[in-house]
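Please read the structure below before turning to the comments.
Quantities reported herein were computed from a predicted structural model and do not represent experimental measurements. Along the sequence shown, the residues carry numbers beginning at 1.
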Amino acid sequence: MDELDHKIVQLLAENARMPVKDIAQHVSLTSPAVSSRIHRLEQEGVIAGYTVVLHRPDTPARVEALISVLVDTATRADFLSLVDEEPQVLQCYRVTGSYNFMVKVSCTDIDALEHLLTRMQKLGSTNTQIILNTQLDRSLLLD
């Protein structure tokens with residue numbers, strides 16, 4: 001990835017709906033040249049997709065939490081099936097340290113969180129931190 005690719009990816013990371021014409025103006029290229037670069041970056045897997053970030057202030061408050069989970073190899077497949085099938089699970093990371101997974105969840109209420117924790121605790125031990133608010137959300141950092 002050269003400097004122009006980097007600038008294009010940064011612009012798309014800030015606004016995935018930015019028109020190619022506008023990107024071309026920012027990076028001093030023609031629209032076809034930018035389209036070609038974007039297509040190449042998609043083919044190379046640098047750009048894996050485009051998404052919409054929803055903020056719904058009119059919906060009831062949800063309980064979001066980070067759950068550290070320690071599962072052994074005998075229950076790992078069951079745990080991964082649980083998180084894969086559970087719509088309240090937003091993200092699941094394999095991590096180092098005292099626990100081997102970190103799971104971010106968004107539950108409808110505290111009872112739903114408790115129910116999910118009970119299901120996870122049948123497969124391993126957990127440590128939960130409820131998210132009070134988000135001070136910073138940088139989904140992607142580019143060098």
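Atom OH of Tyr93 sits in a sparse spot, with 12 or fewer heavy atoms from other residues, nucleotides or ligands closer than 6.0 Å. Around the CD atom of Gln25, the shell of radius 6.0 Å holds more than 12 heavy atoms that belong to other residues, nucleotides or ligands. Within a 6.0 Å sphere centred on CD of Gln129, heavy atoms belonging to other residues, nucleotides or ligands number more than 12.
There is a path of hydrophobic side-chain contacts, each under 4.5 Å, that joins Met1 to Ile23. When the side chains of ILVMFWY residues are joined at heavy-atom separations under 4.5 Å, either directly or via intervening members, Leu4 and Leu41 end up in a single hydrophobic cluster. By the rule that hydrophobic residues join a cluster once side-chain heavy atoms approach within less than 4.5 Å of another member, Tyr50 and Val34 end up as members of one cluster. Criterion: ILVMFWY side-chain heavy atoms under 4.5 Å apart, direct or through other members. Under it, Met18 and Ile38 are part of a common hydrophobic cluster. Placement of Leu66 and Val103 in two distinct hydrophobic clusters is found when ILVMFWY residues are connected by side-chain heavy-atom separations under 4.5 Å, directly or transitively.
The side-chain heavy atoms of Met102 and Ser68, taken from C-beta on, include a pair separated by under 4.5 Å. Counting heavy atoms from C-beta on, the side chains of Asn100 and Phe79 never come closer than 4.5 Å. The shortest distance between side-chain heavy atoms of Leu116 and Met120 falls below 4.5 Å. Put simply, the side chain of Val27 does not reach to within 4.5 Å of the side chain of Arg37, judged on heavy atoms. At a threshold of 4.5 Å between non-hydrogen side-chain atoms, the residues Ile110 and Ile130 count as touching. Residues Asp5 and Val46 form no side-chain contact, since every pair of their non-hydrogen atoms from C-beta on lies 4.5 Å or further apart.
Listed by first then second residue, pairs satisfying salt bridge (charged side-chain N to carboxylate O under 4.0 Å, His left out) with a partner in residues 79-105 read Glu86-Arg119, not counting sequence neighbours.
Atom CD1 of Ile47 sits about 11.0 Å away from atom NE2 of His39, to the nearest 0.5 Å. Rounding to the nearest 0.5 Å gives a distance of 11.5 Å between CG of Asp109 and NE2 of His115. Thr128 contributes atom OG1, which lies 10.5 Å from atom CD of Glu114 (distance to the nearest 0.5 angstrom). Taken from CG in Leu123 to CZ in Arg76, the straight-line distance is 12.5 Å, to the nearest 0.5 Å. One finds the CD atom of Glu14 at 6.0 Å from the CG atom of Leu11 (value rounded to the nearest 0.5 Å). Distance check, rounded to the nearest 0.5 Å: SG of Cys107 to CG of Leu117 gives 7.5 Å.
When all heavy atoms of Val20 and Ser35 are compared, the pair lying nearest together is CG1-OG, 3.4 Å. Heavy atoms only, all atoms of each residue included: Ala24 and Ser31 are closest at CB-N, 3.8 Å. Residues Arg62 and Ser106 share a closest heavy-atom pair of NH2-O, 2.6 Å.
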Derivation and outcome, side-chain contact (heavy atoms from CB on, under 4.5 Å), residues Val9 and His6: CA-CA 5 Å; Val9 169; His6 181 79; 5.9 Å; no
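Counting only distance, with no hydrogens or angles, the side chain of Asp72 and the backbone of Thr75 share a donor-acceptor pair below 3.5 Å. Looking only at distances, no side-chain donor or acceptor of Ser36 sits under 3.5 Å from a matching main-chain atom of Pro32.
When each of Ile67, Leu80, Leu70 is checked for a side chain to side chain contact (heavy atoms under 4.5 Å, CB included) with Phe101, only Leu80 meets the rule.
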